[in-house]
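First up is the structure itself, then whatever we jot down about it.
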Amino acid sequence: MDRERTCCFTGHRPEKLPWRDNEEDPRCLALKRRMTAAVEQAWEQGIRHFMCGMALGADLYFCEAVLALRKRRVGVTVEAVIPCEEQAARWREKDRTRYFDLVAQCNFETMVQRHYDKNCMLRRNRYMVDRSGLLIAAYNGLMGGTMYTIHYANKHGLDVVILDVEE
């Protein structure tokens, strides 16, 4: 894939979002609208390939936004970048069902490594950033993987679009 035509995503899991896993919360619905607008704008700027880390929370919202974009726009491909085989093994059944349904709809599936270890999420994030020209982030200023991924992307010269989850 051409790096300049590729976008990846980072964002918080439900426990770091103010609405947790209540996706009917007006703030969650607003973030989803901003994601839809951000992926549409990325497409208008020539982005055609989108990579998603497939974690609970903002990652799955992003994946859904890109899959919806793919129905409206030509040439969109979606890559599920999975940190390890057992990523969803301990999730609630409804979350696993959603995850596997979304992965099945993606054009590509990349497994970064077979088994979980403490650095597999980091490796997944670096894999995506190292192959992208744009990072879209749903971020609220908290320490953690999302903050690290934004810093890593900035250090490697990516364009970064931050969607504040509190807006």
Side-chain angles (χ1 to χ4, degrees), residues 1-21 23 27-28 30-66 69 76-88 91 99 102-103 106 108-167:
M1 298 293 163
D2 176 6
R3 216 182 147 166
E4 294 309 308
R5 294 168 50 94
T6 301
C7 170
C8 63
F9 177 81
T10 189
H12 296 300
R13 290 187 179 89
E15 53 273 12
K16 286 192 177 178
L17 295 169
W19 54 84
R20 314 281 293 173
D21 62 1
E23 293 185 40
R27 296 166 295 179
C28 181
L31 175 61
K32 288 180 178 185
R33 285 191 298 274
R34 289 196 304 281
M35 282 183 180
T36 297
V39 299
E40 185 77 36
Q41 183 175 8
W43 187 88
E44 289 170 4
Q45 294 170 346
I47 298 291
R48 295 297 180 265
H49 185 64
F50 294 83
M51 292 193 289
C52 181
M54 305 306 292
L56 285 173
D59 275 13
L60 296 187
Y61 309 163
F62 176 78
C63 186
E64 290 165 343
V66 176
L69 176 75
V76 173
T77 57
V78 188
E79 181 177 354
V81 182
I82 299 167
C84 63
E85 207 166 38
E86 57 275 342
Q87 176 174 15
W91 294 2
Y99 166 83
L102 291 173
V103 170
C106 291
F108 305 99
E109 182 180 334
T110 300
M111 180 103 37
V112 175
Q113 64 186 55
R114 198 153 180 82
H115 298 291
Y116 175 84
D117 69 31
K118 65 183 173 104
N119 292 314
C120 66
M121 307 297 173
L122 174 73
R123 285 187 199 97
R124 175 211 46 211
N125 295 342
R126 286 184 173 180
Y127 172 93
M128 293 190 301
V129 169
D130 291 345
R131 288 157 180 80
S132 297
L134 171 67
L135 171 72
I136 297 173
Y139 181 58
N140 61 8
L142 293 175
M143 299 282 289
T146 299
M147 183 190 77
Y148 173 82
T149 304
I150 292 167
H151 287 300
Y152 186 78
N154 282 327
K155 191 168 108 177
H156 288 83
L158 274 71
D159 292 329
V160 177
V161 173
I162 296 179
L163 308 174
D164 185 344
V165 302
E166 301 288 344
E167 278 182 21

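None of these values were measured; they are calculated from a predicted model.
Distance CE/M147 to CG/L142: 9.5 Å, rounded to 0.5 Å. Remark: D2 CG to S132 OG distance equals 10.5 Å, nearest 0.5 Å. Remark: Y99 OH to L60 CG distance equals 9.0 Å, nearest 0.5 Å. With rounding to the nearest 0.5 Å, the separation of SG in C7 from CD in Q45 is 9.5 Å. Residue W43 holds its CH2 atom at 10.0 Å from CZ of F50, rounded to the nearest 0.5 Å.
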Distance-only donor-acceptor pairs under 3.5 Å for side chains of residues 8-18, two or more places apart:
residue: H12; atom: NE2; partner: N140; partner atom: N; Å: 3.1
residue: H12; atom: NE2; partner: N140; partner atom: OD1; Å: 2.8
residue: K16; atom: NZ; partner: M143; partner atom: O; Å: 2.5

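By the side-chain hydrogen bond (donor to acceptor under 3.5 Å, both in side chains) test, Q41 pairs with no residue at all, sequence neighbours left out. Contacts of R34 classified as side-chain contact (heavy atoms from CB on, under 4.5 Å), with partners at least two apart in sequence or in another chain: A30, L31, L163, E167. Applying the side-chain hydrogen bond (donor to acceptor under 3.5 Å, both in side chains) test to R123 and every residue at least two apart in sequence or in another chain returns Q113, D117. Partners of E4 according to the salt bridge (Lys or Arg N to Asp or Glu O under 4.0 Å) rule, which considers only residues two or more places apart in sequence or in another chain, do not exist here.
Across all non-hydrogen atoms, the minimal contact from T36 to A65 is OG1-CB, 4.2 Å.
Residues I150 and I162 form a side-chain contact, since some pair of their non-hydrogen atoms from C-beta on lies under 4.5 Å apart. Side-chain contact between L102 and E64: present, with at least one pair of heavy atoms (C-beta onward) separated by less than 4.5 Å. M51 has its side chain out of reach of F108: every pair of non-hydrogen atoms, C-beta onward, lies at least 4.5 Å apart. The shortest distance between side-chain heavy atoms of R124 and Q87 falls below 4.5 Å. Within the 4.5 Å cutoff, side-chain heavy atoms of I82 are placed close to those of V103. Two residues are said to be in side-chain contact when any heavy atoms from C-beta on lie closer than 4.5 Å; M35 and I136 fail this criterion. In this structure, E109 and M111 have side chains that are in contact, with non-hydrogen atoms separated by less than 4.5 Å. Y139 has its side chain out of reach of V165: every pair of non-hydrogen atoms, C-beta onward, lies at least 4.5 Å apart.
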Audit row: D159, L135, side-chain contact (heavy atoms from CB on, under 4.5 Å) steps and yes/no | CA-CA 6 Å; D159 292 329; L135 171 72; over 6 Å; no

Does the side-chain contact (heavy atoms from CB on, under 4.5 Å) test come out yes or no for V112 and V81, once each step is laid out?
-> CA-CA 7 Å; V112 175; V81 182; 3.7 Å; yes

Test C120 against C84 for side-chain contact (heavy atoms from CB on, under 4.5 Å), laying out the working first.
-> CA-CA 7 Å; C120 66; C84 63; 4.0 Å; yes

side-chain contact (heavy atoms from CB on, under 4.5 Å) between R3 and T6, intermediate numbers included = CA-CA 5 Å; R3 216 182 147 166; T6 301; 5.6 Å; no

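Screening residues 47-61 for side chain to side chain donor-acceptor pair (under 3.5 Å), with sequence neighbours left out, gives W19-Y61, H49-T77, H49-E79.
Using bins of under 30°, 30° to 60° and over 60° for the plane-to-plane angle, the ring pair Y148/Y152 lands in the parallel bin.
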